Structures are given as structure tokens and as C-alpha cells.
Amino acid sequence: MKKFLGILLAATMCFGLTACSNPFEQEPEDATGKVVIEVGVLGSTTEQEIFRKYKNGFQEKYPNVIVQLDAIPGDYATGMNNYVQNSTFPDVVFTPGDQHAAYSSRGHFVDLRTYDEADDTFSFDDIYPELIETTHYDSNDEGIWFMPRDYNKVVTFVNKTMLSLVPGENGEMYAGYGSFENLKAEWDLETFYEVCAAVTKKVADNSANPSAVSQEEKLAGLIRGTVALDARYNWYPAYEPILRHYGGSMISLEKAGEGETPDYNAMLSVDADETMLAYRFYYENLAKPGYVKQSLASSGAAAFPNAQAAMWFTTRPSWGDVNSANATFEVDFLPFPYDYVGVGCSGYAITQLATTRVSENAEVKEGTNEKMTNADYAWLFLKYIASEDGQNAIGETGMGVPSLMSMKDKGTWLSYGSADINHEAFVEEREGQTPMAVNDIYSFPATAQKTVSDNCISIMTYVVKDNFWPSDLTLTMDRNNYSSIYAKVDEYKQVMMSRINAAN
């Protein structure tokens, strides 16, 4: 029935308790006469702050429901596997778009199309289609297994404070462009490399003569160890678009063949001739000149927030990492400079266990004698997340670009930090640039996807290292001339194919 989802009356205690703990208040919330649903959320400060915004807004709209945080212990995979092994899933669980398949494909989540079809107050057509693509668990699946909460397009974070002290060949700051506005007006791939070269030269000059470095430049981070770019080359949405720009691809769906079972060996194109060439271009243009670090911090994303990089290829939620580092520099944004750009999202899924849970005094569905399940109340929570109110709630944290297409040019997300910041970079449609949904990995068996992802990342951590490449990069790209890098790629592909074959 379509109407029951919009109606909430008083309900009773949560599993016999008169109060439920609230991680954001000293005193537990009074759950008397209310329905309580649990929401699994990562333990990071950013994620819990986002949840708090959702919680407050939702409970103001639905005062007879309490949404209670269930902190996911450890990293996402560890927490989720713990839920699976112990059958302890909460009613709703946070999920990154590139990590849900192992759970949605095995029946742990509810297909949200069921609720959408029964609810004439909501439509998934209002959400960016590339985000809906990420909710499927493989290339043939049409299910919508989680509610996208944000539009995560990769952009270029810019440390304006640092660049304001970096001269170009003409002596003007901002790598020769004089101002950030001029840099923004001229921004393209050539300009990006000019900025990389200028930052690298400035750091080298300061490192060669440290006694001449001003205190202002030291505080800005223009010292030994700083690089032009925190590239996140261990993250698919960042590295895959660059490889595609250079003609390669880690995963080539067009090579899957026409048989009932895809040609996974060909589709996993990490060792294809064009991809090997793309690795070389990546190394030659970004790593060899010193624009990126050839080794990563354990988190893979520590340089920019700590003023050790002038730019950062990442998405809007990473602004939280900058804030968490108590950064004192001025941040602004420019589009991703290559002709492909990764787009993904995170969101929230309703678990199958929620469909089996019924609060003692839950409201009866209109026109039936059945009570609403926790899954029914969870759908209301997910609808709130995807509403303008919910999108404005996450916008207030600065961490989310709306998943609703109608909010491209409006909402609280445009005023976070300052209305003068180049927020448009997150939604700008650039001529000649192709957005790519980050769900190609779903074409592999669900239980093999993490292995594929992890080993693709491992390959990328080697293609940036000097000791895997000869000094002469003009040699023909073959196994004789580039034996070290071919050997590493072969090693990781063998691991991936073993896991893929075992999953079939």
C-alpha cells in the first residue's frame, strides 16, 4: 500500500527497553512509546557527524521514531563480515558504492525497488543515473541495493595558501597565473602539469637553500618532502580515469566476449598492451618528475591534509580529512583535469533482518492488519536521506554533494566554507570529459571483487616506482625491455585470476 509509508503513529518500546543510548548526548533518549531502528555507521568522526545530522532531522520529522547508531567496529569489511558471521545486522547499514556487492549479492540487503514501486512520493529517477549504476552488484543485476546519499565526482583540491607562494617562469604567483581566478579560467591538463612543475621546482629550490626560506613558506609547507600532487593512485576512481586517458584500462568490459561465461582473463586487462603503455605514461608524466610520492602513507591520503601536497585528486567527503587535520591553509577546488573522471557514491542499505523485526506497538499498515516492520521504518529513513531536507543536512557538514539532480545549483552544500569557493567543480560538466561510474568491478563474481580491487591497487603502487622502469622510456613496450614491471603485473593478475576461477 502506498499510503502507509507516509503515516507514522505512536509505537512502543524498542525490544522491551524504556531507553536507548544516544552517542551524541550524555543522557539516553527516552524510547517509551517509540519505534527504534538501528543504523550501522563507520566509527569515523566524519561519518558519525553526518549520521547525527540525519538523526536530528529525521526525528524532528518523525518524533515517534528513534534512529540509533550502531558503530561498525574496525574497517568496513571487518565490521560487515562480523555482522554476517553472527547474524547481527542492524536495520540499516552504511555502504560504500564499491563495496556492497559481496553482501547485496548474497541476500543480506533488500532490493529497494520494492519500496519505490509501492511509494508514489519517491522516484529513483530523481537521482543521478551514474549513481544508480553503482547500486547494482554486477553488470546483469538491476536491483537497487542501497540509497545513494551523495554525488562523489573526483575533483582537484587546491591548497591556495601554498600556490599563492609558488611563482611561475614569469615570476607571478599561482604558478605564473597571478591569482586563483586566473588559474581557474585557464585550467586544463596542460595547466595542471605547469602547476606540478612550478611546485616541484619551488620545493627543490627551497630544499637546496633552506636558510633562505621564509617563515611564511615554511608554514605553507614549501619544504623538503612536499609534492605537487596527492594523486590517490591507490584508489580506482582516481587512477582508472587517468589510465583511460592514456588509452589503457584495468578492466575492459568490451573484452568480455559473447559467451554465457565472460572471458575474465581478457576482461581483466591489467596486462594488455595498451594498459602497460598507460602505466608508462602515468609513471613518465607524474611519478618520474617527482610530482607524486613514489610511496604512500598507510592511509593513502595523508599528504594534502597535512600541507605536504599542493593538490589532491579526491572527492567532497575528503574535506573532512582536511578539517580533521586542523589544516590552517585555504582550500579551493578545480575540476579533474583528464578527459575521464570517476563518479561514485556511498549510501545506506536496508538489511534483510530488518524485515523480520516488528516493534510490539508498531503502526498497522493502512488497509491491512499487518504491522510495519523495522524495514518499513528504515525506508522512511532512507527516503529522508534522499529528500531535500536530508541532502541539506549532509550539506551542512560540507561532506556531501547532493545525489538529487534537482539540487545541482541549490542547497546548503553551496555555502559550506564560503559561497565564493568553486563548489561548481563538483558538478561541472566539462566539454570532452566523460564521467565514468566506478562499478566495472561488479562484472566479476561478487566473492572475487575485493581480491580484484586489492590487487589492482597493488599494481598501481608499483607502476610509480623508479626501480621497476628502465632509464630509457622510449624503448618498445614489451616483456624484454620492461621485464620488472611485467613481472609484477603478472604476479598480481595470477592472484586475481585464481580467485575469479575459484568463484565460478
Side-chain angles (χ1 to χ4, degrees), residues 14-15 20-21 23 36-44 47-48 50-51 54 67-115 134-149 236 344-359 373-379 381-382 385 438-457 495-496 498-504:
C14 171
F15 306 110
C20 292
S21 63
V36 175
I37 59 173
E38 292 192 341
V39 181
V41 178
L42 291 174
S44 69
E47 285 302 326
Q48 293 198 17
I50 290 171
F51 173 79
Y54 287 149
V67 285
Q68 179 182 359
L69 181 143
D70 181 71
I72 297 175
D75 63 81
Y76 185 74
T78 300
M80 292 295 288
N81 291 336
N82 180 66
Y83 286 146
V84 171
Q85 292 167 10
N86 298 295
S87 299
T88 56
F89 272 104
D91 302 303
V92 175
V93 66
F94 167 84
T95 181
D98 60 350
Q99 297 185 49
H100 74 90
Y103 311 103
S104 55
S105 65
R106 288 185 282 175
H108 296 298
F109 298 161
V110 174
D111 185 351
L112 300 182
R113 290 180 299 173
T114 302
Y115 291 94
T134 69
T135 69
H136 310 318
Y137 60 69
D138 65 31
S139 57
N140 297 316
D141 173 49
E142 297 181 354
I144 297 177
W145 300 101
F146 68 91
M147 178 69 77
R149 74 172 186 191
Y236 186 87
C345 67
S346 54
Y348 299 84
I350 298 175
T351 67
Q352 282 290 350
L353 283 177
T355 67
T356 68
R357 297 170 180 154
V358 181
S359 182
T373 67
N374 281 21
D376 296 324
Y377 287 100
W379 171 245
F381 182 61
L382 265 58
I385 287 170
V438 291
N439 63 340
D440 290 344
I441 199 169
Y442 295 171
S443 300
F444 296 98
T447 54
Q449 290 171 12
K450 187 176 188 302
T451 299
V452 172
S453 176
D454 289 347
N455 284 273
C456 284
I457 288 170
V495 173
M496 290 186 274
S498 295
R499 185 70 188 90
I500 291 168
N501 290 333
N504 287 323

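All values below come from the heavy atoms of this structure, side chains included, with hydrogens, waters and symmetry mates left out. Note that this is a predicted model, so its numbers are computed, not measured.
Residue Ile144 comes nearest to Asp111 through the heavy atom pair N-OD1, 3.1 Å, listed as atom of the first residue, atom of the second, then distance. Closest heavy-atom contact between Met496 and Asn455: CG-CB, 3.5 Å. Residues Thr134 and Gly344 share a closest heavy-atom pair of CG2-CA, 4.4 Å. Heavy atoms only, all atoms of each residue included: Asn374 and Ile37 are closest at O-CG2, 4.0 Å.
Between Ile500 and Val452 there is a side-chain heavy-atom pair separated by less than 4.5 Å. Between Val39 and Phe51 the shortest side-chain heavy-atom distance falls below 4.5 Å. Residues Val92 and Glu38 have side chains not in contact (no heavy-atom distance under 4.5 Å, counting atoms from C-beta outward). You'll find the side chain of Gln352 reaches within 4.5 Å of the side chain of Val110, heavy atoms only.
Tyr76 and Phe94 have perpendicular rings, their planes meeting at more than 60° on a 0 to 90° scale where under 30° would count as parallel. Between Tyr83 and Phe89, the ring-plane angle classifies as tilted under the 30° and 60° cut-offs.
Here the rule is ring-ring contact (aromatic ring centres under 6.0 Å, His included) with His100, and of Tyr137, Trp145, Phe109, Phe146 only Phe146 fits it.
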Take Arg499 and Phe444, measure what side-chain contact (heavy atoms from CB on, under 4.5 Å) needs, and give me the verdict at the end. CA-CA 10 Å; Arg499 185 70 188 90; Phe444 296 98; over 6 Å; no
